[in-house]
Engineer: 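This is the structure I have questions about; it appears just below.
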Amino acid sequence: MLRIAQTLTQQLQEAITRAYPEAAEPAAASGQPLDPQLAPASKPEFGDFQANGALALARGLGQSPRAIATAIARQLTVDAAFAELCLEPQIAGPGFINLTLRPERLAAELAARLGDPRLGVERAQAPGGGSAAPVIVDFSSPNIAKEMHVGHLRSTIIGDALARVLEFRGHPVLRLNHVGDWGTQFGMLITHLKQVAPETLTTADAVDLGDLVAFYREAKRRFDDDEVFQAAAREEVVKLQGGDPVSLKAWGLLCEQSRREFQAIYDRLDIHLSERGESFYNPYLAAVVADLEATGLLVIDDGAGCVFLEGIKGKDGQPLPLIVRKSDGGFNYATTDLAAIRYRFAVPPSGDGAGRVIYVTDAGQASHFAAVFQVAGRAGWIPEGGRLEHVPFGLVQGEDGKKLKTRSGDTVRLKDLLDEAVERAEADLRRRLAEEDRSEDEAFIAHGATTVGHAAVKYADLSTNRGTNYQFSFDRMLALQGNTAPYLLYAFVRIQGIARKGGALEAPAQDPLVFDQPQEWALARQLLQFDAVIVEVEEELLPNRLCAYLFELSQIFNRFYDQVPVLKANGPARASRLALCRLTADTLRLGLGLLGIPTLDRM
RNA sequence: GGGGCUGUAGCUCAGCCGGAUAGAGCGACGGUUUCCUAAACCGUAGGUCGUGGGUUCGAGUCCCGCCAGCCCCGCCA
């Protein structure tokens, strides 16, 4: 319906110009044409679209909003193209113009979707028509030598969904896993392992990752308590970053082991990422600081290389520094993040040539990214038109409203969390099978439980606005009713049920489609909104908008399914209803797929 | 002290560029099944949108003050 909305906006603009040339022409000439403010109708009884522009024009024109709306509507009706598209426009309320598409046009739009694998979603056009600049989505980013835990859940799931939507829109997408594989932590860990478990540094898989995590904790404790150890650890970092072969070998082994553990989780969730950790940018760090020095941004303060931020003040009202070179000469994460931005925007072959860079990290890092983005901009690393965006998300909280922890107070491992979701889904399924006296084989149960469990975790996360903290609850996410993955999956299953009972969904569609029930029209209208929702997610980077759409679609479909017979209908009505079923199934499968959630035929 | 985010129904949350009577879901209460999976559908009750000002034809939405909670603030990421 995006294309229709564009057409209507243009027709409205022309109608305004015909009705009020003395106001519209100067406005258009100044590059600020009068905006008809076309929006989707806020309620079904208002039709398909509403134009709110008359209200805003009232003051400038010195007429009542209703009079203006009436004049615009009159001009619309003399436009033959408009009359072909819409019924008579209605003036309502203080001066809204309500527009209703002609039923035959809606039916024709729907029919056009039937053979279309993209379901009406256009491919994004590269500006200038050349090959598009890649979009980089930086997400997940666990730390080497640590296990993935709830803290990585949201970045991983949200980042993957955003990448899928951007890919579907036709952008080349680089999914980058900016793993923590460099920094001080390695100095600590390697120093400690040299002393207590040297074999781990020379032999692959000498210990498992759980032990490594324990070693890491010990190392961290020693680093905090023991000055001698701290000095040794710092020295080790310098060695590593300087390319010492022994340190590098140990580092490589640790990374390889962690990498396989991460991959197990990514495989379960069907998430694809290219690893490009912090270490990748090591060769570029010195150049970053040199660039900052050359542009005059670098200031040495207390021995540290700093860039003082504009508009961000510290404790005593002084500008806050971003430290890019520590007083010991080492670099820190700000330097790495700057090097990443610089590299990602740089023209190939010296960089990625990105047009848009998206960081999916928790909201706590907002000020860090604001600072880094500001410095990158002032250093001239962001090209004209380049977009650099932090996509923040809130904490995962337990049902007590506090940060999610295990009963013993530890952070929750991602693996355990997924396992529990699947176990609970399986218990649910088995109970239901027993209650309904159904019998299914173990493969069916395992596949269904795994799909539902993982889907529930993903959907629960994606369906809330990412900006706010999110309360994690197995009971809520696995519930069979409400805005949950099982509810959506079940709507899809119902359609597959119709297909199994003889509703040949793939048969050539009735032409033209004919509808006579309000439930059919409601479903048709919802199906046609899909393209607008996808474009909105691409722009706003809010997956919950897609979730809300799919939930509404499922609700509207369930109402239709409940109240309008499909297989018992005959002739054109049956064929038209089957077409609605087919499009609903296709939309659910595609939409859920863009969220990283596969569908089931039976459950 | 400075900065950021949040505050909407009993609970969990939506609310798009400022637009019509603020919406869902859960929970509560009441109804629906000879019919495509009732994992569904229909209905009822439930709101001072934290609070006080301001801008506007119009504010949950924008601006300012205040209250509450969370997060960040020089060499960790």
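To find a chain, count down the sequence lines: A is the first, B the second, and so on, and within it residues start at 1.
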Engineer: Would you tell me if any nitrogen or oxygen in the side chain of A/Y459 comes within less than 4.0 Å of OP1 or OP2 on B/rC13?
Structural biologist: no
Engineer: Under 4.0 Å between a side-chain N/O of A/Q471 and OP1 or OP2 of B/rU12, yes or no?
Structural biologist: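 Result: yes.
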Engineer: What's the closest nucleotide to the side chain of A/R494 if the choices are B/rA39, B/rA77, B/rA38?
Structural biologist: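 That would be B/rA38.
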Engineer: By the 4.0 Å heavy-atom rule, please label A/V372 as base, sugar-phosphate, or nothing.
Structural biologist: nothing
Engineer: Is a donor-acceptor contact shorter than 3.5 angstrom present between the side chain of A/Q50 and the base of B/rA20?
Structural biologist: yes
Engineer: May I ask you to verify if any side-chain N or O of A/N465 is less than 4.0 angstrom from the OP1 or OP2 atom of B/rG15?
Structural biologist: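 For B/rG15, OP1/OP2 do have a side-chain N/O of A/N465 under 4.0 Å.
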Engineer: Considering only side-chain heavy atoms of A/V566, which listed nucleotide, B/rG19, B/rC36, B/rC41, is closest?
Structural biologist: B/rC36
Engineer: If I pick the P atom on B/rG1 and the same atom on B/rG46, what distance separates them, to the nearest angstrom?
Structural biologist: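 Looking at atom P only, B/rG46 and B/rG1 are 43 Å apart.
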Engineer: With the threshold set at 4.0 Å, does a side-chain nitrogen-carboxylate oxygen contact exist between A/R154 and A/D362?
Structural biologist: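 A/D362 and A/R154: not salt-bridged.
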Engineer: Determine, for A/E440 against A/R438, whether the closest basic-nitrogen to carboxylate-oxygen distance falls under 4.0 angstrom.
Structural biologist: yes
Engineer: Sticking with atom C1', work out how far B/rU44 lies from B/rA9, rounded to a whole angstrom.
Structural biologist: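 It works out to 15 Å between them.
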Engineer: Which nucleotide in the list B/rA24, B/rC41, B/rC36 gets nearest to the side chain of A/F551?
Structural biologist: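 Nearest nucleotide to the side chain: B/rA24.
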Engineer: Less than 4.0 Å between a side-chain N and a carboxylate O, is that true for A/R430 and A/E426?
Structural biologist: yes
Engineer: Need one value for A/P486: base, sugar-phosphate or nothing, where a base atom within 4.0 Å counts as base even if backbone is also close, heavy atoms only.
Structural biologist: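 A/P486: no heavy atom of the nucleic acid under 4.0 Å.
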Engineer: Measure distances between side-chain N and O atoms of A/D181 and base N and O atoms of B/rA77, and say whether any donor-acceptor pair falls under 3.5 Å.
Structural biologist: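 When only heavy-atom distances are counted, A/D181 does not reach the base of B/rA77 through any donor-acceptor pair under 3.5 Å.
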Engineer: For A/D475, report the nucleic acid contact type (base, sugar-phosphate, nothing); a contact means any heavy atom under 4.0 Å.
Structural biologist: nothing
Engineer: Counting only side-chain nitrogens and oxygens, does A/S42 get under 4.0 Å of the OP1 or OP2 atom of B/rU21?
Structural biologist: no
Engineer: Base, sugar-phosphate, or nothing for A/R438, non-hydrogen atoms under 4.0 angstrom?
Structural biologist: base
Engineer: What's the closest nucleotide to the side chain of A/A92 if the choices are B/rG74, B/rA20, B/rC42?
Structural biologist: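 When the side chain of A/A92 is considered, B/rA20 is the closest of B/rG74, B/rA20, B/rC42.
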Engineer: Look at A/K326 and B/rC76 and indicate whether a side-chain polar atom (N or O) is within less than 4.0 Å of OP1 or OP2.
Structural biologist: yes
Engineer: Which listed nucleotide (B/rA24, B/rG74, B/rC36) is nearest to the side chain of A/D301?
Structural biologist: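 Minimum distance to the A/D301 side chain belongs to B/rG74.
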Engineer: Using a cut-off of 4.0 Å on non-hydrogen atoms, how would the nucleic acid contact of A/Q563 be classed: base, sugar-phosphate, or nothing?
Structural biologist: sugar-phosphate
Engineer: Could you check A/L478, A/D428, A/T484 and say which one makes a side chain to side chain contact (heavy atoms under 4.5 Å, CB included) with A/V452?
Structural biologist: A/L478
Engineer: How many whole angstroms separate atom CD of A/Q374 from atom P of B/rG4?
Structural biologist: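 After rounding, the gap between these two atoms is 14 Å.
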Engineer: Would you indicate what A/G364 reaches in the nucleic acid, counting non-hydrogen atoms under 4.0 angstrom: base, sugar-phosphate, or nothing?
Structural biologist: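 Answer is sugar-phosphate: A/G364 comes under 4.0 Å of backbone atoms only.
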Engineer: Describe the nucleic acid contact of A/N469 in one word from base, sugar-phosphate, nothing, applying a heavy-atom distance below 4.0 Å.
Structural biologist: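 The answer is sugar-phosphate, as A/N469 gets under 4.0 Å only of primed atoms, P, OP1 or OP2.
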Engineer: Any chance NZ of A/K405 has more than 12 other-residue heavy atoms, nucleotides or ligands included, within less than 6.0 Å?
Structural biologist: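 Count over threshold, so yes.
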Engineer: Does A/C581 form a side chain to side chain contact (heavy atoms under 4.5 Å, CB included) with A/V566? I'd like the steps, not just the answer.
Structural biologist: CA-CA 9 Å; A/C581 289; A/V566 176; 4.1 Å; yes
Engineer: Would you classify A/A548 as touching base, sugar-phosphate or nothing, given that sugar-phosphate means primed atoms plus P, OP1 and OP2, and contacts are heavy atoms under 4.0 Å?
Structural biologist: nothing
Engineer: Can you find a side chain N or O atom of A/Q481 that sits less than 4.0 Å from OP1 or OP2 on B/rA40?
Structural biologist: yes
Engineer: Is a donor-acceptor pair below 3.5 Å formed from side chain A/S367 to base B/rC73, judging by atom type as modelled?
Structural biologist: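 There is none.
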Engineer: Looking at every strand, decide which applies to A/N544 at a 4.0 Å heavy-atom threshold: base, sugar-phosphate, or nothing.
Structural biologist: sugar-phosphate
Engineer: Before giving the answer on salt bridge (charged side-chain N to carboxylate O under 4.0 Å, His left out), spell out for A/E540 and A/R545 the whole-Å C-alpha distance, their side-chain angles and the decisive distance to 0.1 Å.
Structural biologist: CA-CA 9 Å; A/E540 311 282 337; A/R545 297 277 166 80; 5.1 Å; no
Engineer: Give me the distance, rounded to whole Å, that separates B/rG15 from B/rC75 when you measure between the C1' atoms they each carry.
Structural biologist: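 Their C1' atoms lie roughly 44 Å apart.
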Engineer: Report the distance from atom CG of A/L567 to atom C1' of B/rC36, rounded to the nearest whole Å.
Structural biologist: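 About 5 Å, once rounded to whole Å.
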Engineer: May I have the distance from A/L550 (atom CG) to B/rA14 (atom C1'), rounded to whole angstrom?
Structural biologist: 15 Å
Engineer: Which part of the nucleic acid, if any, lies within contact of A/V493, taking any heavy atom under 4.0 Å across all strands shown: a base, the sugar-phosphate backbone alone, or nothing?
Structural biologist: base
Engineer: For A/D362 and for A/S554, find the nucleotide of RNA chain B with the closest heavy atom, then tell me which residue's nucleotide is more 5'.
Structural biologist: A/S554
Engineer: Please state how far atom CZ in A/R476 lies from atom C1' in B/rC11, giving the value in whole angstrom units.
Structural biologist: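 From A/R476 CZ to B/rC11 C1': 7 Å.
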Engineer: If I pick the P atom on B/rG53 and the same atom on B/rG47, what distance separates them, to the nearest angstrom?
Structural biologist: 23 Å
Engineer: Does OP1 or OP2 of B/rG74 have a side-chain N or O of A/S327 closer than 4.0 Å?
Structural biologist: no
Engineer: Using the C1' atom as the reference point in each nucleotide, state the distance between B/rA28 and B/rC36 in Å, no decimals.
Structural biologist: 32 Å
Engineer: Using atom C1' in both nucleotides, what's the gap between B/rU32 and B/rU51 to the nearest angstrom?
Structural biologist: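 It comes out at 45 Å once rounded to the nearest Å.
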Engineer: With the side chain of A/Y487 defined as its heavy atoms from C-beta on, choose the nearest nucleotide among B/rA40, B/rA24, B/rA38.
Structural biologist: B/rA40
Engineer: Between A/R431 and B/rA39, is there a contact of a side-chain N or O with OP1 or OP2 at under 4.0 Å?
Structural biologist: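 No, no such contact exists.
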Engineer: Both A/R234 and A/D562 contact RNA chain B. Taking the nearest nucleotide for each, which residue is further toward the 5' end?
Structural biologist: A/D562
Engineer: Between B/rC70 and B/rU12, how many Å separate the two P atoms, rounded to a whole number?
Structural biologist: 16 Å
Engineer: Tell me what A/A491 touches on the nucleic acid: a base, only sugar-phosphate, or nothing, going by heavy atoms under 4.0 Å.
Structural biologist: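 The residue A/A491 makes no contact with any strand.
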Engineer: Could you tell me whether the side-chain ring of A/F46 sits stacked on the base of B/rA20, using a centroid cut-off under 5.5 Å and a plane angle under 30°?
Structural biologist: yes
Engineer: Runs of at least three consecutive Watson-Crick or G-U pairs, both distances under 3.5 Å, are what I'm after; which ones involve RNA chain B?
Structural biologist: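 Stems (3+ consecutive pairs) listed as B:1-7 with B:67-73, B:10-13 with B:23-26, B:28-32 with B:40-44, B:50-54 with B:62-66.
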Engineer: Using atom C1' of each nucleotide, how far apart are B/rC67 and B/rG74 to the nearest Å?
Structural biologist: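 After rounding to an integer number of Å, I get 32 Å for this pair.
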Engineer: Aromatic contact between A/Y359 and A/F369, with the criterion being ring centroids under 6.0 Å apart: yes or no?
Structural biologist: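 Here the rings of A/F369 and A/Y359 have centres that are less than 6.0 Å from each other.
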Engineer: Counting the atoms with a prime plus P, OP1 and OP2 as sugar-phosphate, which does A/A56 contact under 4.0 Å by heavy atoms, base, sugar-phosphate, or nothing?
Structural biologist: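 Touches a base.
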Engineer: Would you call A/R221 and A/D226 a salt bridge, using N to O less than 4.0 angstrom?
Structural biologist: no
